Amino acid sequence: MPKTYDFAAVEKDLYQWWWDQGYFKPWNDPNNADFDPDHKPYVISIPPPNVTGELHLGHAMFVSMEDLMIRYHRMKGIPTLWVPGTDHAGIATQMVVERSLSQEGISREELGRERFIEKVWEWKEKYHERIIDQIRRLGASCDWDRERFTMDEGLSHAVREVFVRLYEDGLMYRGPRMVNWSPKLQTAVSDLEVEYTDEAGMLYYFKYMLADGSGDFIPVATTRPETILGDTAVAVHPEDDRYQKYVGKNVLVPILNREIPVIADEYVDREFGTGALKITPAHDPNDYQIGEKHGLAFINILTKNATINEEGGEYAGMDRFDCRRKLWADMKEQGLVIEEKPYPMSVPRSQRSGEIIEPMISTQWFLKMKPLADPALKAVRDGTITIVPERFTKVYNNWLENIQDWCVSRQLWWGHRIPVWYCQDCDEIIASREDVTSCPKCGSSRVEQDPDVLDTWFSSWLWPFSTLGWPEQTPDLKYFYPTTMMETGYDILFFWVARMIMSGLYFTGKAPFTEIYLHGLVRDEHGKKMSKTKGNVVDPLIVMDELGTDALRFTLLVGSSAGNDINLSVKKVEANRNFANKLWNAGRFIIGAIDKVTVIEDDDQPTQETLADRWIQARLRQLVTDVNRLFESFQYGEAGRQIYDFFWGEFADWYLEIAKIQLGKDEKTAFHTVQILTSVLDTCLRLLHPFTPFVTESLWGRLKAAAMEKSDALSPEDGWEDALIIARWPEAEDAAAGDESAIADMLIVQDVIRAIRNVRTEKNIKAGSKIPATLVVSDKMDLFQSQLGMIASLAFLQAEETKLHSQIESTPQDVLTAAASGITIYLETAEHVDPIEERLRIEKELETVQSQISRLEKLLNSPFAEKAPKQVVDKERERLEQFKSTYANLSGQLANLANLD
RNA sequence: GAGCGGUUAGCUCAGUUGGUUAGAGCGUCGCGUUGACAUCGCGAAGGCCGUAGGUUCGAGUCCUAUACCGCUCACCA
């Protein structure tokens, strides 16, 4: 075995081996002859990554998390399925391909729709394999035979089915509405795809001149002067004394001199700005509503790329922002400008391209959401679906309660083409599952399919069931649906999770999953969002190359808790690489011990377990119980930390060191020690496998081989399974089986050993020099008699020269004194002990002991003694006794030193 | 404007049935290397757990208020 864990040498082969052995596939498969429908499966659908994307830490996070969940349930013996796949990501993918083409000087328009889509498919083929390989590198135990892509034939079929059904049910409608328009991408986007950023803007105050030539004007303010061109009214509050007299009159649109009415509406806030509001129904969502209410004209002033159209008169053809400046300058010239003030505003920007979104009226397909949202609200409210952490339930409810209709059409080429045909002769609109070649109403063959495609999320919202074959009632769908767990980032709770619930309930009548676990965002080591411009991006591929997959996984899993962001630094990953190495070396030691030990078959004498044996096994049982409890409450990070702490801090630091002593004793003790080493390591590897699958599988295989070669007596209760990935998960045993006294005794012993080491370090006594000691152990004589050898070895004492006393009358001369857990320790050094120095040390020690005594006496004299549970009070009483006896011994020693003077 | 989260050691964070001496990793300081591991070991220093109240025998943990930081949603021109 190599001296350090060589992850690069094992990861790839192990992954392939797992797959070849079929471990990633559910052992109970509805497509197989021996299928048993009575086993309830555990199912996760992967959040499909963008097919042309590159692996980032967000992917690493969810893959680690979901793989942990899957491996855990698989080890519990549950038929487990993790369905992988990728998303076509309409806008993102189209942008990437367009950018690449533009480098060759080709635009998508030049190429034409057909050719362009071919190009995108070429990209898809090329990059799909890359992202999938990267996900495999993380150890993802997905069933790759069931991999899906949102534009697969089957999933496309599902999309059409859904669209048509919604159309038939009257939920899908088409019409001109106010949408968020992206002038750069030249498509509508949904509300969720708009991000508002706080930016410094200007508030422009100007005059709306009365049309009657009176010279009166209404002062109005706007942040977007160019929209003046589309104004069709000025609104004032009906009770505003300043402007009441103008209501019903007309005013003149600056420069254009179009007459528009002054209207009264309670929507206007008299306190804000000038108290008068210009109304641009075609370019502002609020104005849109007012426009509808008052029957105002809707004047669209923008083209698709946000230049001013012919409605803008002399400004036609100008860019929206150029127009803003020019128009304002012209107004200034005409004396219509009052003032301009800096004004902080939140600017809507495209999530994808970053440019400013224009609210515009456009004919699009919309989905009525209210009827879908209500059942989705109910499903969470009645507990059919639970969200972890629970607080996101509120966020979920809030969004669904205020849901807006979903604009699902996109003016793109890459995606699912809208399955609607328009008859050019009779204007019939045909939504169809099959391609339409002639109008069913008039028989005309002049039918044209809607040129637009559907929002990407319109396919991914079907993911949990479309990937299992829906709308066909496939065996997979029947058995694996509804799925179990939806694990993803909280940032797509609305985008994806809520929509999946809505579609699942509507189309299958069942919630698509019963549990939602939301993880946080991965940030840099100081909590800053990672971005290329900041240069703080950590590339998971490089991290895996340098430190190993397990180290990265363990860092992400242990560093995170549900719903909270995680700050990741390479230092943390390094620390966990070290942990993997620690595992490896502990394993190496144990395997070596197995090889060397002499097998002692069952004889009649029952094995006498040492304190350490009992202690480590009791602690392991506690650990298993805790880990199970934590797993069941989704506290994976805490579970991982506890295993880490146990393995390193107790098993490796203490038991392994003690085992070295026990291995040197009689053959029977040695063999039993090897049995315990083997079994504790085996259990730890099982517990850790969901976190760090590679190092644990690799090590476990070697452990198993060594143990099997040596003796059946080293096997786990149910024997060695074929692989760790499918090995039995350690279930919590009866709590009554705990050996509490072994744990308590071991604590005392450890405390004493630490106290001795402490003094030795303080006095710079080299580890090599073994020294005699005297221990005053009060009622712990049996314990210390039995553990003296171990203590001497770990604290570098001369065992044969070390004396134990229950009480002591005359303290030894020329010694160093220490105390721990009520035990007083006298160390005899080779050198002369300076009594002055020693007195100071003891006085200091006495001081802390005295403060503890005071604290405990006060506590035990308080209502605590009556009101707290007996067990808790007794524990404190015992402590007080310990401190008291320590105090007595130390002050005796102090008096002794004083006598020397 | 509404909602949510955070505030614990120099840094990054654990601490989920409240139990009386608050933990880890990294960093710092000291000592240590003939076989599990220097990707290591043994020790040390370092915190009035944001602030103010409350509940309780007991609060980092529960409640109320408040400050600061962050996030989400909705947005008044």
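All values reported here derive from a predicted model rather than from experimental measurement. Because only heavy atoms are used, hydrogens play no part in the values below, and waters and symmetry mates are left out as well, while side chains stay in. Naming: A, B, ... by sequence-line order, numbering from 1 per chain.
The residue among A:R523 and A:N585 whose nearest nucleotide of RNA chain B lies closer to the 5′ end is A:N585. In this structure, A:W654 and A:K572 both approach RNA chain B, and ranking their closest nucleotides by distance from the 5' end singles out A:K572.
For A:T223, taking side-chain heavy atoms from C-beta onward, the closest of the listed nucleotides B:A77, B:G15, B:A36 is B:A77. Among the nucleotides B:C37, B:C71, B:A14, the one closest to the side chain of A:E657 is B:C37. Residue A:R757 has its side chain nearest to B:C42 when only B:C42, B:C71, B:C57 are considered. Proximity note for A:T761 (side chain, C-beta onward) versus B:G30, B:C73, B:G15: the nearest is B:G30. Residue A:K660 has its side chain nearest to B:A36 when only B:C31, B:A36, B:A77 are considered. Comparing B:A77, B:C75, B:C26 by their nearest atom to the side chain of A:Y196 picks out B:C75. Comparing B:G27, B:G43, B:A36 against the side chain of A:K571 picks out B:G27 as the nearest. Among the nucleotides B:C37, B:A77, B:C73, the one closest to the side chain of A:K582 is B:C37. Side-chain proximity of A:V268 to B:G15, B:A77, B:G43: nearest is B:A77. Side chain of A:T4, nearest nucleotide from B:A36, B:U39, B:G19: B:U39.
Within the nucleic acid shown, A:A575 comes within 4.0 Å of sugar-phosphate atoms alone, with no base atom in reach, counting heavy atoms only. Here A:Q635 lies in heavy-atom contact (under 4.0 Å) with a base. A:D269 comes within contact range of at least one nucleobase, with a heavy-atom separation under 4.0 Å. Nucleic acid contact class of A:A865 (heavy atoms, under 4.0 Å, all strands): none. Residue-level contact check: A:L656 touches the bases, meaning some heavy atom is under 4.0 Å from a base atom. At the heavy-atom level, A:R224 lies nowhere under 4.0 Å from the strands shown. At the heavy-atom level, A:K858 lies nowhere under 4.0 Å from the strands shown. Nucleic acid contact class of A:D653 (heavy atoms, under 4.0 Å, all strands): sugar-phosphate only. Nucleic acid contact for A:S633: none, since no nucleic acid atom lies under 4.0 Å from a heavy atom of the residue. Residue contacts for A:F7: at a heavy-atom cut-off of 4.0 Å it reaches no nucleic acid atom on any strand shown.
Across every strand in view, B:G46 sits unpaired, with no contact that passes the Watson-Crick or G-U test at under 3.5 angstrom. Across all strands shown, the partner of B:A65 is B:U51, judged by Watson-Crick or G-U wobble contacts whose two distances both fall under 3.5 Å. In this structure, B:C11 and B:G25 make a Watson-Crick or G-U wobble pair, each of the two defining distances being under 3.5 angstrom. Base-pair partner of B:G58: not found among the strands shown (Watson-Crick or G-U wobble, both distances under 3.5 Å). Base pairing of B:A74 is not made with any nucleotide, judged by Watson-Crick or G-U wobble geometry with both donor-acceptor distances under 3.5 Å. A 3.5 Å limit on both hydrogen-bonding distances identifies B:G32 as the Watson-Crick or G-U partner of B:C40. Nucleotide B:U16 forms a pair with no other nucleotide shown, judged by Watson-Crick or G-U wobble geometry with both contacts under 3.5 Å.
Classification of A:K660 and A:E657 as a salt-bridged pair holds, one side-chain N sitting under 4.0 Å from a carboxylate O. The pair A:E857-A:K884 meets the salt-bridge criterion, with a side-chain N (NZ, NE, NH1 or NH2) lying under 4.0 Å from an Asp/Glu carboxylate O. With respect to the salt-bridge test (charged N to carboxylate O, under 4.0 angstrom), the residues A:E878 and A:K875 do not qualify. Salt bridge A:K534/A:D524: absent, no basic N to carboxylate O contact under 4.0 Å. Ion pairing of A:R629 with A:E632 is absent here, as no side-chain N (NZ or NE/NH1/NH2) approaches a carboxylate O to less than 4.0 Å.
A:K867 places its NZ atom 16 Å from the C1' atom of B:G19, with the value rounded to the nearest Å. Remark: P of B:C57 and NZ of A:K870 are 21 Å apart, rounded to the nearest angstrom. Rounded to an integer number of Å, the gap from CH2 of A:W648 to C1' of B:U39 is 8 Å. Taking atom CZ of residue A:R641 and atom P of nucleotide B:G23, one finds them 16 Å apart after rounding to whole Å. A:N581 places its CG atom 8 Å from the P atom of B:A38, with the value rounded to the nearest Å. Between A:Y490 atom OH and B:G6 atom C1' the separation is 11 Å, expressed in whole Å. One interatomic measurement links the two molecules: NZ of A:K341 to P of B:A77, which rounds to 14 Å at whole-angstrom precision. For the pair A:F554 CZ and B:A14 P, the computed distance is 15 Å after rounding to whole Å.
Taking the P atoms as reference points, B:U56 lies 40 Å from B:A44, given to the whole Å. The gap from the C1' atom of B:G25 to that of B:U39 amounts to 14 Å, rounded to the nearest Å. Annotation: B:G46 and B:U7 have their P atoms spaced 24 Å apart (nearest Å). Between B:A2 and B:G47, the two C1' atoms lie 36 Å apart (nearest whole Å). Atom name C1', nucleotides B:A9 and B:A22: the rounded distance is 11 Å, in whole Å. Separation of the P atoms belonging to B:C40 and B:A24 is 16 Å when rounded to the nearest angstrom. B:G23 and B:U16: their P atoms are spaced 14 Å apart (whole Å). Taking atom P on both nucleotides, B:G10 is separated from B:A45 by 15 Å, rounded to a whole Å.
Here A:N402 does not reach the OP1 or OP2 of B:C73: none of its side-chain N or O atoms lies under 4.0 Å away. Proximity of A:R760 to the phosphate of B:G43: no side-chain N or O atom is located under 4.0 Å from OP1 or OP2. Proximity of A:N564 to the phosphate of B:G6: no side-chain N or O atom is located under 4.0 Å from OP1 or OP2. Contact check, A:H526 against B:U12: a side-chain N or O comes under 4.0 Å of OP1 or OP2. Phosphate contact (OP1/OP2 of B:A36, side-chain N/O of A:Y5, threshold under 4.0 Å): absent.
A cation-pi geometry, defined here as NZ or CZ lying under 6.0 Å from the six-membered ring centre and within 45° of its normal, does not hold between A:K582 and A:Y644. Cation-pi geometry between A:R499 and A:W406 is met: the NZ or CZ atom falls under 6.0 Å from the ring centre, inside 45° of the normal.
Looking at A:E525, its side chain has no donor and acceptor atom pair within 3.5 Å of the base of B:U12. Side-chain N/O atoms of A:K3 and base N/O atoms of B:A36 include no donor-acceptor pair closer than 3.5 Å. The base of B:C75 lies close enough to the side chain of A:S346 for a donor and an acceptor atom to sit less than 3.5 Å apart. You won't find any donor-acceptor pair under 3.5 Å spanning the side chain of A:Q404 and the base of B:A74, going by distance alone.
Taking every heavy atom of both residues into account, A:R391 and A:A562 meet most closely at NH2-O, 3.9 Å.
Between A:F646 and A:F651, the ring planes lie parallel to each other; the angle is under 30°, not in the 30° to 60° tilted range.
The shortest side-chain heavy-atom distance between A:L568 and A:K572 does not fall under the 4.5 Å cut-off.
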